[in-house]
Trainee: 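This is the structure, below, for whatever I ask next.
Just the heavy atoms: all of them, side chains too, but no hydrogens, waters or symmetry mates, feed the values below.
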Amino acid sequence: QVQLVESGGGLVQAGGSLRLSCAASGRSYSGYGMGWFRQAPGKEREFVAAISGSGTRTSYTDSVKGRFTISRDNAKSTVYLQMNSLRPEDTAVYYCAARRSPTVATMGTAYDVWGQGTQVTVSS
């Protein structure tokens, strides 16, 4: 069973950047599709970005396209979310998730393992 640990969250001013990391333990990491989700206070969890096991396919929610980039380093069993041009509305707890399939998925129910989350706060 893969276990996930996120890091890299923090407080940043609007227009700034952060890079989130999600380190995975366990075997066959490249066989897992990975995703990032976020949940703001009082709101439902929403999809942010996903990447295939090989890293060749990605998907983004419309509000982050052109600003966020998901990538992975299978040698390090780590997935990243580079966040640029951050906005106050990006403030949320960001969760990393893994699914036992190498394909891309945007639904939270498609994921089998979740990290504990990391807080991102963007001030105006």
Side-chain angles (χ1 to χ4, degrees):
Q1 175 82 334
V2 169
Q3 293 183 322
L4 306 173
V5 178
E6 300 103 330
S7 61
L11 173 65
V12 64
Q13 289 188 331
S17 299
L18 283 174
R19 188 176 82 154
L20 305 183
S21 299
C22 174
S25 63
R27 300 178 180 178
S28 302
Y29 176 72
S30 62
Y32 285 78
M34 301 296 295
W36 286 97
F37 292 77
R38 65 188 180 187
Q39 187 166 21
K43 295 187 177 181
E44 293 187 352
R45 181 182 63 195
E46 66 170 349
F47 167 75
V48 177
I51 189 166
S52 62
S54 64
T56 56
R57 295 187 180 274
T58 58
S59 179
Y60 298 91
T61 193
D62 286 347
S63 63
V64 308
K65 285 180 180 177
R67 300 189 299 123
F68 290 12
T69 302
I70 189 171
S71 62
R72 66 190 295 163
D73 184 340
N74 286 345
K76 296 182 178 180
S77 298
T78 301
V79 63
Y80 305 97
L81 185 67
Q82 177 67 45
M83 306 186 294
N84 299 327
S85 302
L86 282 161
R87 305 167 179 168
E89 54 265 38
D90 295 318
T91 295
V93 177
Y94 283 70
Y95 297 92
C96 172
R99 62 191 302 260
R100 297 186 191 97
S101 165
T103 57
V104 168
T106 62
M107 298 291 291
T109 52
Y111 290 82
D112 304 294
V113 183
W114 294 81
Q116 83 288 352
T118 185
Q119 177 70 47
V120 171
T121 303
V122 184
S123 63
S124 57

Trainee: Please determine, by modelled atom types, if Ser17 and Asn84 share a side-chain donor-acceptor pair under 3.5 angstrom.
Mentor: yes

Trainee: Indicate the atoms forming the closest heavy-atom contact of Thr78 with Ser21, along with that distance.
Mentor: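 Smallest heavy-atom distance, with atoms named: CG2-CB, 4.3 Å.
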
Trainee: Using the ring of each side chain (for Trp, its six-membered ring), is Tyr95 parallel, tilted or perpendicular to Trp114, with breaks at 30° and 60°?
Mentor: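 Geometry flag for Trp114 against Tyr95: perpendicular rings.
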
Trainee: Side chains of Val48 and Leu81, heavy atoms from C-beta outward: is any pair under 4.5 Å?
Mentor: yes

Trainee: Begin with the C-alpha distance, continue with both residues' side-chain angles, and end with the deciding distance and a verdict on side-chain contact (heavy atoms from CB on, under 4.5 Å) for Phe68 and Thr61.
Mentor: CA-CA 10 Å; Phe68 290 12; Thr61 193; over 6 Å; no

Trainee: Kindly give the heavy-atom pair with the smallest separation between Ser59 and Thr106, and that separation in Å.
Mentor: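 Closest approach of Ser59 to Thr106, heavy atoms only: OG-CG2, 3.6 Å.
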
Trainee: Is the cationic atom of Arg19 (NZ for Lys, CZ for Arg) positioned less than 6.0 Å from the six-membered ring centroid of Tyr80 and within 45 degrees of its normal?
Mentor: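 Yes, a cation-pi geometry.
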
Trainee: Is there side-chain contact between Thr118 and Val93, with at least one heavy-atom pair below 4.5 Å?
Mentor: no

Trainee: Could you state the interatomic distance from CD1 (Ile70) to CD (Gln82), rounded to the nearest 0.5 Å?
Mentor: 12.0 Å

Trainee: Test your reading of the model: is there a side-chain donor-acceptor pair from Arg99 to the backbone of Ala110, 3.5 Å cut-off?
Mentor: yes

Trainee: Do you know the tightest heavy-atom contact between Ala14 and Ser124?
Mentor: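 Heavy-atom minimum between the residues: CB-CA, 4.3 Å.
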
Trainee: Strictly distance-based, threshold 3.5 Å: is any side-chain N or O of Glu6 a donor or acceptor partner for the main-chain N or O of Gly117?
Mentor: yes

Trainee: Is there a side-chain contact between Met34 and Tyr29 in this structure, where contact means two heavy atoms from C-beta onward sitting under 4.5 Å apart?
Mentor: yes

Trainee: Of all the heavy-atom pairs spanning Asn74 and Ser30, show the shortest one and how long it is.
Mentor: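 Of all heavy-atom pairs spanning Asn74 and Ser30, the closest is ND2-CB, 3.4 Å.
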
Trainee: I'd like to check Glu46 versus Arg38 (side-chain heavy atoms, cut-off strictly below 4.5 Å). Are they in contact?
Mentor: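 Yes, close enough: below the 4.5 Å cut-off.
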
Trainee: Does any part of the side chain of Val113, heavy atoms only, come nearer than 4.5 Å to the side chain of Gln3, both counted from C-beta?
Mentor: no

Trainee: Would a distance-only check, ignoring hydrogens and angles, find a side-chain to backbone donor-acceptor pair under 3.5 Å from Thr121 to Leu11?
Mentor: no

Trainee: Is Arg100 salt-bridged to Asp112, going by a charged N under 4.0 Å from an acidic O?
Mentor: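 Judged by the 4.0 Å cut-off on N to carboxylate O distance, Arg100 and Asp112 do form a salt bridge.
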
Trainee: Write down the atom of Leu4, the atom of Cys22, and the distance for their closest heavy-atom approach.
Mentor: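 Heavy atoms of Leu4 and Cys22 come nearest at CB-SG, 3.8 Å.
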
Trainee: Does the distance from a Lys or Arg side-chain N to an Asp or Glu carboxylate O, for Lys65 and Asp62, drop under 4.0 Å?
Mentor: yes

Trainee: Would you say the side chain of Thr103 lies within less than 4.5 Å of the side chain of Ser52, judging by non-hydrogen atoms?
Mentor: no

Trainee: Kindly say whether the aromatic ring centers of Phe37 and Tyr111 come within a distance under 6.0 Å.
Mentor: yes

Trainee: So if you build clusters from Ile, Leu, Val, Met, Phe, Trp, Tyr with side-chain heavy-atom gaps below 4.5 Å, do Leu86 and Phe47 land together?
Mentor: no

Trainee: Side-chain donor-acceptor pair under 3.5 Å between Arg67 and Ser63, yes or no?
Mentor: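 There is no such pair between these side chains.
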
Trainee: Under 3.5 Å, is there a donor-acceptor pair between the side chain of Asp73 and the main chain of Val79?
Mentor: no

Trainee: What closest approach, in Å, do Ile51 and Ser71 show between heavy atoms, and which atom pair accounts for it?
Mentor: CD1-CA, 3.7 Å

Trainee: Indicate whether any N or O donor in one side chain lies under 3.5 Å from an N or O acceptor in the other, for Glu89 and Thr91.
Mentor: no

Trainee: Please report the C-alpha distance between Leu20 and Val120 in whole Å, then the side-chain angles of each, then the deciding distance to 0.1 Å, and finally whether the side-chain contact (heavy atoms from CB on, under 4.5 Å) criterion is met.
Mentor: CA-CA 9 Å; Leu20 305 183; Val120 171; 4.0 Å; yes

Trainee: Would a 4.5 Å heavy-atom cut-off, applied to side chains only, mark Tyr32 and Pro102 as touching?
Mentor: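 Tyr32 vs Pro102: side chains apart.
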
